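Following: one structure in structure tokens, then a few remarks.
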Number of protein chains: 2
Amino acid sequence: MDDRSSGNEPRGRKRHRAGGRVTLSDVAREAGVAPITVSRALNTPQRVSDRVRARIDAAVETLGYVPNLIAGGLASAGTRVIPVIVPSLSILTFIEVVHGIQQTLERAGYQMLLASTDFDLDREAQLVNTVLGYSPSGVILTGLRHRPAVGERLREWGRPVVEIMEHGDNCIDMSVGVDGHALGRFMADYLVGRGYRRMLFAGSNMERDYRARQRWEGFRDQLATHALKADLLEYAEAASYRVGVEALDAALALPEPPDAIHFSNDILATGALLEAQRRGVKVPQQIAITGYLGLELGEFLNPSLTTLSVARTQMGVEAASMLLARLDGEQPEPVQRDIGYALIERGSA
Amino acid sequence: MDDRSSGNEPRGRKRHRAGGRVTLSDVAREAGVAPITVSRALNTPQRVSDRVRARIDAAVETLGYVPNLIAGGLASAGTRVIPVIVPSLSILTFIEVVHGIQQTLERAGYQMLLASTDFDLDREAQLVNTVLGYSPSGVILTGLRHRPAVGERLREWGRPVVEIMEHGDNCIDMSVGVDGHALGRFMADYLVGRGYRRMLFAGSNMERDYRARQRWEGFRDQLATHALKADLLEYAEAASYRVGVEALDAALALPEPPDAIHFSNDILATGALLEAQRRGVKVPQQIAITGYLGLELGEFLNPSLTTLSVARTQMGVEAASMLLARLDGEQPEPVQRDIGYALIERGSA
DNA sequence: CTGTTAGCGCCTTCAC
DNA sequence: GTGAAGGCGCTAACAG
């Protein structure tokens, strides 16, 4: 006979009960049903009769039951948690995407576990491992480039994975992003079309942020098709207004100053624009300035900033939506989405 | 007899094994020890002999074992997850605090679960309930004002709780923040000391963001002690450069325009400053402008922006540190920390 | 539509 | 210092 049926008290074990929370069994007892019925009433209400469901709902209400998602996760694998892994939380771009993701997930009853890699792919691989330990329902990570182990593990894991920021054809499962090369090429053509000839690309943190480097490569390559050569001004540190200021000063101090500078983001471009203003350098007559991001601020600068805008919040919304759709059993098409970009033509170029 | 001892195969159940992950038992088998020994080797290495520990470490390595934190959490209550609940992810202030928290937590091997309330206290209460379902190791939430149920539940829960942003004497467990009234009073005194007399306070989203309202109240009350009256210009929408622009226009259109405007944040103040520049309004001669936040951008505006700075990232770091210290069994003193503020005196006032 | 049974992976208690 | 047994709270599989 199963020893549980012997009437003995459980030898004085009195286990921890996390803060004495109400459990599903408590609800079942209150409602006079089996625990599994409560589980069903909560997760698949249509499979429980109206009368029983009403009793259960009432019991949930009176006891103040809140599901222990950890237990649910252990039993069913799937904790309604979505880890989101980004390179940095101090860069506006990622913040905005994260915002879109968070809004969308939360609305659907999922929670976001946010982690940052500091642009380190090894750290990313390690983080992926760690977060899989939480039995998440899906994963969102940044970029299409990862350590080989990441793709392998995620693929065999079998749950939905969305890669954001980058557009290409080698994603693990699904992706939403932009084509950095295309962005660079577009801007090169635009500036050439406006009559500029001596082009400078100024970027920061490009050693680590390979997506900024892709924009530079696209820019450079497209200029080459016009038989123009572009220079690169690179700063190791993270983007800041100060770096933008320095970049403008450096550009103007060149033996042959450029007639246009394209910055790898609006923060740098803004710093440069404000410095030009301070120094009395005419923009765009003496030097044109363009950015990348489409920040609201650019609209109010004098002159206003011409910039290439990417719908970052929307990117986050779409990433989360694709993931949720997959969790709902749908197969969203296409699996690799190019979010595109839009030129905001203003006064600085 | 316990039916498990009958040699039958488990009737073909083949349960889900989340992606066939290596479990602690697998490691135990590989190392030739009991599962519990592996558990100890991982959690309390000093309680396992060196030889056995070495074997276990090797097994962990070869199998690529990654702990299932969900299971650990269920068994021991404590998942190394810290939910962080903030009002909004589109407001810079919170982003920066979150950044500080995240860095600190991640460094200590904890993960951040990020949720936002949209400034809704009912939503906050609901979120607290939900995240407690993840058996977190602690909780960080925003502000000192909550629904009564939140404080009760969190207190009886018994794990560390840190409230951020606000300083006061009625926290649930621990807190780090600033005293909004003091901030407002300080700025009032400063502007009075600089000779300004007709003061306007311009803010956005103050209906929902009561901390901005506290700054206004402090500002107003302190001016009253100087026998000065302050006006309030309030916008319902969220802060943006555009609102700053509108606020300046509105202020200048007043029958008796103010000689100084204190904005509830640097975004608004920046918009106003840029608009003043565009219109050729002299700052601070014709009108003084001050902000709150201490954004880097203010340094590069023309004129540069005088602003009250709060060490937001540092606040996040301290919040997380306090929490971690408590988890390590320490009792950090003091439990209610005032992070303070600093005036950045620049050209706009 | 509802209940029984077993177990997710780990850790706590107790025993040696 | 190591191991055996049981259970954390929930749900999948099977049975009625």
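Chain naming here is simple, since letters A, B, ... match the order of the sequence lines and numbering starts at 1 in each. Everything numeric here is computed off the predicted structure, so don't read it as measured data.
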Salt bridge (charged side-chain N to carboxylate O under 4.0 Å, His left out): pairs with one or both residues in residues 51-65 of chain A, sequence neighbours excluded: A:D50-A:R53
Within residues 108-128 of chain A or reaching into it, pairs that qualify as salt bridge (charged side-chain N to carboxylate O under 4.0 Å, His left out) - sequence neighbours excluded: A:D118-A:R208, A:D122-A:R147, A:R123-B:E106
OP1 or OP2 of [N] versus the side-chain N and O atoms of [X]: is any pair under 4.0 Å?
X: A:T23; N: D:dG9; answer: no
X: A:T37; N: C:dG3; answer: yes
X: A:S76; N: D:dT11; answer: no
X: A:Y65; N: D:dC10; answer: yes

Can you check the [X] [atom1] to [N] [atom2] distance for me, whole Å?
X: A:I36; N: C:dC8; atom1: CD1; atom2: C1'; result: 14 Å
X: A:D26; N: D:dC8; atom1: CG; atom2: C1'; result: 13 Å
X: A:L74; N: C:dG9; atom1: CG; atom2: P; result: 7 Å
X: B:R53; N: D:dG1; atom1: CZ; atom2: P; result: 11 Å
X: A:L69; N: D:dC10; atom1: CG; atom2: P; result: 9 Å
X: B:L24; N: D:dT2; atom1: CG; atom2: P; result: 15 Å
X: B:R80; N: C:dC11; atom1: CZ; atom2: P; result: 11 Å
X: A:R29; N: C:dT2; atom1: CZ; atom2: C1'; result: 18 Å

Taking only residues two or more places apart in sequence or in another chain, which ones pass salt bridge (charged side-chain N to carboxylate O under 4.0 Å, His left out) with [X]?
X: A:D169; answer: none
X: B:R337; answer: B:E318
X: A:D328; answer: none
X: A:E96; answer: A:R312

Is the backbone of B:L144 close enough, under 3.5 Å, to the side chain of B:E166 for a donor and an acceptor to pair up by distance? yes
Please give the angle, rounded to 10 degrees, between the axes at the start and the end of the helix from C:dC1-D:dG16 to C:dC16-D:dG1, where five pairs define each axis. 30°
Got B:M174 and B:V335 here, is their nearest side-chain heavy-atom distance under 4.5 Å?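 Yes, at least one pair of side-chain atoms sits under 4.5 Å.
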Of all the choices, C:dG9, D:dG3, D:dT11, which nucleotide is nearest to the side chain of B:V33 once you look at every atom? D:dG3
Testing D:dC10, C:dG9, C:dG3 for proximity to the side chain of A:N68, the answer is D:dC10
Short of 4.0 Å, heavy atom to strand atom, which residues of residues 40-52 of chain B count as contacting DNA chain C? B:N43
Return the set of residues passing side-chain contact (heavy atoms from CB on, under 4.5 Å) with B:A54 (not counting sequence neighbours), or none when no residue passes.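 Once residues adjacent in sequence are excluded, B:A54 has no partner under the side-chain contact (heavy atoms from CB on, under 4.5 Å) criterion.
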